[in-house]
Structures are given as C-alpha cells and as structure tokens.
Amino acid sequence: VLRDACRQVFDFQAFALVVGQPDGPAGAPVVWQALGDSDADLAEDVLFGDVLVERRPLLTDGPPGPGAPAGTCTLVSPVCGADAVLGFLALRAGRAGGYAEADVEVLEALAALAATAIRNVGLMHELRDSRAAFAHQAFHDPLTGLANRARLHERMSHALGGAHPERVSVLVLDLDGFKRVNDSLGHGAGDALLVQVAERLLGATRGSDTVARLGGDEFAILLENSRAPYEAGTVAERVLHALRTPFVLAGPDGSTEAVVGTSVGIAQGAPHGPVLPADPGAVVDALLRDADLAMYRAKAAGKGRYVYFEPSM
C-alpha cells in the first residue's frame, strides 16, 4: 500500500522500507531489515551503503537527509516514532537530480503514515500476545503450568458429551507425605516438589491425556478414548511408579531427598451413550466426586495404591 501511495506521487525506479526491531527485551540491540516488497539493492544501500554510513552512530536520534550514489538520486526520510527512529523510507530515481528539496516534505508525510502503520501493527501483536497470555492464565495452573480445574472441567464436559463417554476415565490423586515436606523444608521446597511431580505426571501419561492440578497437592488426569476399562489402572500404575523415585529438593542445609507417594482414585464415564443433561457440569462434578471418594478409599487402605470407584462407596 505504501509503495502504491509513493507511486502516485513520485517517479521512482526503486522503493525500500527499512525498519528496526529490538532483538529481545527492552535495551537489546536493534535488528534492521527490509519489509514487504522493498527492492533489495536499495534496502542494502540504506542499511550499509553511502546513504547512511556517515550517520550510522546517530540512527536513533539523527536521521539522515537525502543522499545519492553516483548517477542516481536517492531520497530518504526517517520513519519516526514517539522517541526513536522506527525505520527509513527510501526512493531512488535512475538519474541524478531526480528529486527536489520540496519532495522531502511529501516523503516525510508518507513516512509519518508508515510510522502510524508500524505502531498499529506493534499494538496488534501486543494485543494478540496479551490475549494469549490471559487465555493461558485462565486455564492453567501458574505454578506447574498444568491445566487447572476450569480447563479440566471443560475437557471433561467435551469428552462426556461425545460419542463414546464410556471410554472416558478420570484419575484423582493426592500426594502422600506432602505436608511433611512443607513443614520440614518450607513452602519453597514444597512448590519445587509440586513442579517436579507435574513433570513426572506428564512423563507417565500419553500426550493426548489432560493432566491438571486441582489445588494444593491434588492432581487429576483425564483419559479419553480408552481402549479397555483397565487402561486407567495401567496409567495409575505408571504414575505410582514414577513418583516412587526420591525427589531432590533444596533445603536450609543444602540439597536433600524427599520421598512422597500418591493415592489414586479412578472413576469411569457414563456407559449408556452421550451425556447431555440440562446441566452438563453436574455430570462432571459427579465424576470428579466419585474419583475423589475412590482416592480416599485408597488412602484408607494403606496409601500408595489406586482404587476404582464403586457405587457402594
């Protein structure tokens, strides 16, 4: 669009828009590059040639005026932001003296439009990144990065409303001995332990499974499309095995090992077709409640084991 606007006003053989972007957070070096349909030779001259070479140390506060390699006339205008030069807009005619001084003002006006467009693109990227960050925060646990209860609830509702709710299982697990770690090593070590537990749970499950932290030291795993009823028990056995290895944590006297286990309760989805009640959330809550009851039955039976929910519970 900018090239077309310049075409309506100027006669030129080459067009280039060169912008600078920080290569990292604030204060990082600026990387300069040509955008869109810029002509490569002119962009290279703007970046490395006689057009800017004498003013390179002043790129952020002293943009150059028009310059012209031999036999041509190159017109350059800075694209200015609020407190720095965002880039440079350059045109080249195929003859010396192709541009008059009055053309500078026109090009500067077009460069101002380019600055507005660049700022708007930057704002759009910031808005997109912010929305993605907010969406992630809304559905993920800030400590472990796992799905949170809201995300688990959403995934369970979708799975139970599908064609095969009988293939859905949810595992609820609570760590055995977590309070002892918190009391003896402090909450920082407790948080570090929860992060390591999350990593091991991800390693013990399938990529399609949803691993969530419900709060405190309570986690849940959603299995969808299980091939057999016993598959949830197989996953529970892998989880129990993964958590048996001691965890290395930082304590007041240096690193130390902590041993925690887990108790797992398993509840399985509806066996009679898709679940479409007036309140789908009630079915999800009921399934989580059943898994929770089974988990406490596992604790009462000696911990470090898994138990399937039964209606008699």
Side-chain angles (χ1 to χ4, degrees), residues 139-157 159-160 167-183 187 189-226 228-247 249 257-269 283-310 313:
F139 290 105
H140 292 81
D141 173 55
L143 177 63
T144 63
L146 297 178
N148 60 12
R149 185 181 290 271
R151 179 60 169 165
L152 176 69
H153 206 284
E154 178 188 70
R155 295 296 299 271
M156 288 180 64
S157 295
L160 291 170
R167 298 181 184 178
V168 176
S169 299
V170 62
L171 288 67
V172 170
L173 50 139
D174 189 84
L175 300 183
D176 300 327
F178 178 73
K179 185 176 184 300
R180 182 180 67 252
V181 173
N182 251 353
D183 292 343
H187 291 286
D191 287 347
L193 173 61
L194 293 174
V195 171
Q196 292 186 43
V197 167
E199 293 172 351
R200 294 194 190 183
L201 292 179
L202 290 172
T205 52
R206 308 169 302 182
S208 59
D209 300 332
T210 300
V211 181
R213 182 185 177 210
L214 301 181
D217 61 335
E218 190 174 31
F219 296 83
I221 301 170
L222 172 64
L223 308 181
E224 302 181 49
N225 297 317
S226 296
Y230 60 79
E231 190 166 357
T234 301
V235 173
E237 290 175 356
R238 291 205 302 267
V239 167
L240 292 171
H241 178 76
L243 298 187
R244 288 194 184 107
T245 303
F247 295 86
L249 303 171
E257 288 189 347
V259 178
V260 297
T262 188
S263 300
V264 184
I266 302 172
Q268 296 182 296
V283 177
V284 173
D285 290 338
L287 198 62
L288 286 171
R289 177 205 61 202
D290 293 347
D292 206 49
L293 287 171
M295 181 268 292
Y296 281 109
R297 186 62 63 91
K299 280 188 177 292
K303 302 181 180 180
R305 65 193 66 203
Y306 66 90
V307 170
Y308 279 90
F309 171 78
E310 297 178 359
M313 295 179 184

**Message:** So which atom in Leu194 and which in Thr144 form the shortest heavy-atom distance, rounded to 0.1 Å?
**Reply:** O-CG2, 3.8 Å
**Request:** Could you walk me through whether Phe309 and Leu293 pass side-chain contact (heavy atoms from CB on, under 4.5 Å), step by step?
**Result:** CA-CA 7 Å; Phe309 171 78; Leu293 287 171; 4.2 Å; yes
**Stepwise side-chain contact (heavy atoms from CB on, under 4.5 Å) test for Val181 and Val260** = CA-CA 8 Å; Val181 173; Val260 297; 3.9 Å; yes
**Asked** Could you go step by step and tell me if His241 and Arg244 meet the side-chain contact (heavy atoms from CB on, under 4.5 Å) rule?
**Response** CA-CA 5 Å; His241 178 76; Arg244 288 194 184 107; 3.8 Å; yes
**Prompt:** So, the side chain of Arg213 versus the backbone of Gly216: is there a donor-acceptor pair under 3.5 Å, distance only?
**Reply:** yes
**Prompt:** Is Val172 close to Ile221 at the side-chain level, that is, under 4.5 Å between some pair of heavy atoms?
**Reply:** no
**Asked** Hey, what do you get for CE (Met313) to CG (Asp292), rounding to the nearest 0.5 Å?
**Response** 12.0 Å
**Request:** Find out whether Glu257 and Phe247 are in side-chain contact, i.e. whether some heavy atom of one side chain is under 4.5 Å from a heavy atom of the other.
**Result:** no
**Asked** Do the non-hydrogen side-chain atoms of Asp174 and Ser263 ever get within less than 4.5 Å of each other?
**Response** no
**Prompt:** About how many Å separate OG1 of Thr210 and CD of Glu154, when rounded to the nearest 0.5 Å?
**Reply:** 9.5 Å
**Asked** Hey, is Lys179 close enough to Asp183 for a salt bridge, meaning N to O under 4.0 Å?
**Response** yes
**Message:** Contact between Arg206 and Glu231 at the side-chain level, heavy atoms closer than 4.5 Å - yes or no?
**Reply:** yes
**Message:** Could you measure the distance from the CG atom of Leu249 to the CG atom of Leu193? Nearest 0.5 Å is fine.
**Reply:** 5.5 Å
**Prompt:** Closest approach of Ala212 and Asn148, non-hydrogen atoms and distance?
**Reply:** CB-O, 4.1 Å
**Closest heavy-atom pair and its distance - Gly190, Asn182** = CA-OD1, 3.4 Å
**Prompt:** Does any N or O in the side chain of Arg200 come within less than 3.5 Å of the main-chain N or O of Thr245, such that one atom is a donor and the other an acceptor?
**Reply:** yes
**Request:** Side-chain contact test, heavy atoms from C-beta onward, threshold under 4.5 Å: evaluate it for Asp141 versus Arg151 and give yes or no.
**Result:** no
**Message:** Distance check, rounded to the nearest 0.5 Å: Ile266 atom CD1 versus Leu171 atom CG?
**Reply:** 4.5 Å
**Request:** Verify, without hydrogens or angle tests, whether Arg167 (side chain) and Glu224 (backbone) share a donor-acceptor contact under 3.5 angstrom.
**Result:** no
**Prompt:** Would you say the side chain of Asp290 lies within less than 4.5 Å of the side chain of Gln268, judging by non-hydrogen atoms?
**Reply:** no
**Message:** With a 3.5 Å distance limit and no angle check, can you tell me whether Arg305 reaches the backbone of Lys303 through a side-chain donor-acceptor pair?
**Reply:** yes
**Asked** With a 4.5 Å heavy-atom cut-off, do Leu222 and Val168 have their side chains touching?
**Response** yes
**Asked** Less than 4.5 Å apart, any side-chain heavy atom of Leu173 and any of Leu201?
**Response** yes
**Asked** Please walk me through it: do Leu288 and Met156 pass side-chain contact (heavy atoms from CB on, under 4.5 Å)?
**Response** CA-CA 10 Å; Leu288 286 171; Met156 288 180 64; 3.9 Å; yes
**Prompt:** Between CG of Leu152 and CZ of Arg155, what distance do you get to the nearest 0.5 Å?
**Reply:** 9.0 Å
**Prompt:** Got more than 12 heavy atoms from elsewhere within 6.0 Å of CZ, Arg297?
**Reply:** no
**Request:** Please round to the nearest 0.5 Å and tell me the distance separating atom OG of Ser169 and atom OH of Tyr308.
**Result:** 6.5 Å
**Residues Thr262 and Asp176: side-chain donor-acceptor under 3.5 angstrom** = no
**Asked** Any donor-acceptor pair under 3.5 Å linking the side chain of Tyr306 with the backbone of Val235?
**Response** no
